[in-house]
Amino acid sequence: MTDPNAADTLVVHRAVVRTPTTVLVDVRDITVRAGRPLTIVGESGSGKSVLAHALMGTLPPELAAEGSMSIGRSRFDLAERAGRRSLWGRQVALLPQEPALALDPTMRVRDQVAEGAPGWRPRETAALKRADDRLERLGLEGAGRAFPHTLSGGMAQRVAYAAATIGGADILLVDEPSKGLDRESLDRLAVMLAAHVERGGLLVTITHDLGLARRLGGDVVVMQDAAVVESGPAEEVLTRPVHPYAKRLLAAEPSKWSAPWTRDNLRADEAAEPLVTAHRVSKAYTGKPLFQDLSVEIRPRERWAVVGPSGVGKTTLGNALLRLTDIDAGWVRHSGTTRGGRIQKLYQDPGLAFPRRVPLESSVRDVMRRHRVDERHVRSLLDEMGLPFAILRRRPGQVSGGELQRIAIARAMLPRPVVLFADEATSRLDPVSQATTMDLLMRQVTGDGCALLLVTHDLDLAEAVGARQIRLGADEEASL
Amino acid sequence: MTSPLLATAADTATGGRRRPLARRTAIAGLGVLVAFALVGPLVLADPAAQDLDRYLQGPTLLEPLGRDEYGRSVVARVAHATRLSLLLASACVATALLLGTAAGIASAWFGGWVDAVLRAVSEAFVALPALLVVLLVSALASGGSLWALYLGLALAQWVEYFRVVRARSALVMGSAAVEASRLLELGPGHIVRRHLLPDLRPVLVTLASLGMVTSILAMSTLGFVKVGLQPPRAELGLMITEAFPFYDVAPWLSIAPIAVLFVLTICFLTLRDSEETA
């Protein structure tokens, strides 16, 4: 069809994607050149992922696409989906969101990577060899015989990358690659993507993560409400933004936060009786120790953060402190003041923390009845969160992640907790929602004099909150 | 958080039922049959009244399905048989559902020895074919007793509710939502009402529609091989066997109960399918 050597530019002349009622994407004139990466940043729901799927031709059938794009000299109509199938893997590849879910759980890593190789036929050794070679170059030697569920998030991502690019595609679309990755995996990811660009590939990255955007360089496009609000070289857009939304996006990075609660902290009373006492607790998981002989005392109003890379047992430690999980050795004691539901927890995915088939109002009303809270208090609490009471008529699945997390905060505050455990509570939100949500959370926590236990992989976030840190995973032993 | 792409896809998947026409037709068909089964016996002739002068009389305006070998009204007999099938099947399904759901939730909730005992009992039932359980109970009771049939069918069916409910409840009980409710100290009532039942309802509806079909067919199968209910009771399977010797001279005799069975089965299966996709 086209001369593969000609694919050195990707131009989106116009792309519009709509549902019968709303426009999800409406952009024009985006150009990507070989060797100069393009990064699309913006809030969730601004249409970034939809745009990527529109370019691939993988939109769900309910969404209508219009417009056109060119790869090299050949032009494609976006409304016509089937025409681009032949490009998949050979010229255009997509590294999907949540790579762990994109991999086939019933196939060994090596076999599924090999499937994408040019001229692949079942049980052909050339393709398998190629797959091994590719995995080895990504530092995954030995992972070929593994099944995807045994891999960490970062490894799964590299496998997905190997599978996506083994076909030799020059144009790589990467959708939200940094979600849930710890710092080390993030570094590897940035190196991997930069290498693709150096080889003369075209790279379009969609991300919330401004740090990643900065590292990749090239051009940056800021999207809000289906449209491009600002674009230009990364150095410019990410340091001197013009559009108000781009400014807000930059100010939302944890290292730039400034709020009353970022300053007046640690006024904890050292003499007060600890609310939660853990004495020399240890826990191992399938023979691998997560933490050993760890002692912590959480006093009223204190802020604690458990930090470390993903998969080292941060959440397990938090759950152990809340006595939600068994420990192998040591003991955890809760003081009398914590009785009556006064230890609360916020979850990484708030969608899983509410009964999913009943309206939010029924679950919240049950809490109001149990803890004798009147409706006015709930209304004012939701009001502080910037949410109307009527939003509770919906079901958890019909509310955005940011809104649902705010409802979860409101629900957790109803029993007037003395300890609040926030388990990566904002890590799935885009930076602006993260900043607002953290601000609301910290206002509630400081206002009510509640102690906070934060679990996060984001050191900047832990520092912004000014918490005392428990580091897991860095060395063999946990350090205080 | 889901990406907007997935969210839109999910909205359209749950928003509109995929096969509203099939579902409506099934509901209408069932409605007609239920009305026929409930009203028919009240207004139609006595199903046991014999009139040997009209032996195997063909369909007329007054008797749309004609008369059988004893001159009994076939319409009246079909109406009674349909009522019997529907009522007995509903009773069996309701009993099996309540028993199975309660046991399943108890098993997932308490775990330990409660779970072990319930599982052992259920596995003993699984080891026996369902029809054999019914036959055993029928054989122990006096021949053709309604109670024996009811008990047998309910006992044969509760196990599937138990197994599905237990597996599903164990998942729900281990979820973050239930953990959050425990931290909020909302109590077991909340967990059953807001978490377990809403989650189990669609599965239970599916299983119950299938259970209706199984019960009705099992009943008529037993009638057909003459080990279920005994003549002169009007029962669909029994009617089919009784009509067999006359199929060349009076085919309408066997066609009527077969048609009722066919329509009931199709309607319940369609309901179940549309429930699964809804």
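Numbers restart at 1 for each chain; the letters A, B, ... are given by sequence-line order, proteins then strands.
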At a 4.5 Å cut-off on heavy atoms, which part of [X] comes close to chain B: side chain, backbone, both, or neither?
X	value
Leu322(A)	side chain
Tyr347(A)	side chain
Val358(A)	side chain

Partner chain B: residue of Arg369(A), Arg357(A), Arg411(A) with the largest heavy-atom pair count (under 4.5 Å):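 Option with the top pair count is Arg357(A).
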Max heavy-atom pair count under 4.5 Å with chain B, selected residue of Glu176(A), Gln344(A), Arg342(A), Lys345(A): Gln344(A)
Heavy atoms of other groups near Arg365(A) CZ, more than 12 under 6.0 Å: yes
Given 3.5 Å as the limit, does a donor-acceptor pair link the side chain of [X] with the main chain of [Y], or not?
X	Y	result
His371(A)	Leu184(B)	yes
Arg194(B)	Pro355(A)	no
Glu179(B)	Leu324(A)	no

Point-to-point distance, once rounded to the nearest 0.5 Å, from CZ of Arg370(A) to OG of Ser181(B): 12.0 Å
Reported OG-to-CZ distance for the pair Ser362(A) and Arg193(B), which is rounded to 0.5 angstrom: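 One finds 8.5 Å between OG of Ser362(A) and CZ of Arg193(B).
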Student check: side-chain heavy atoms of Asp199(B) and Arg356(A) closer than 4.5 Å: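 Touching, per the 4.5 Å side-chain cut-off.
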Set of residues satisfying salt bridge (Lys or Arg N to Asp or Glu O under 4.0 Å) with respect to Arg119(B), sequence neighbours excluded: Asp115(B)
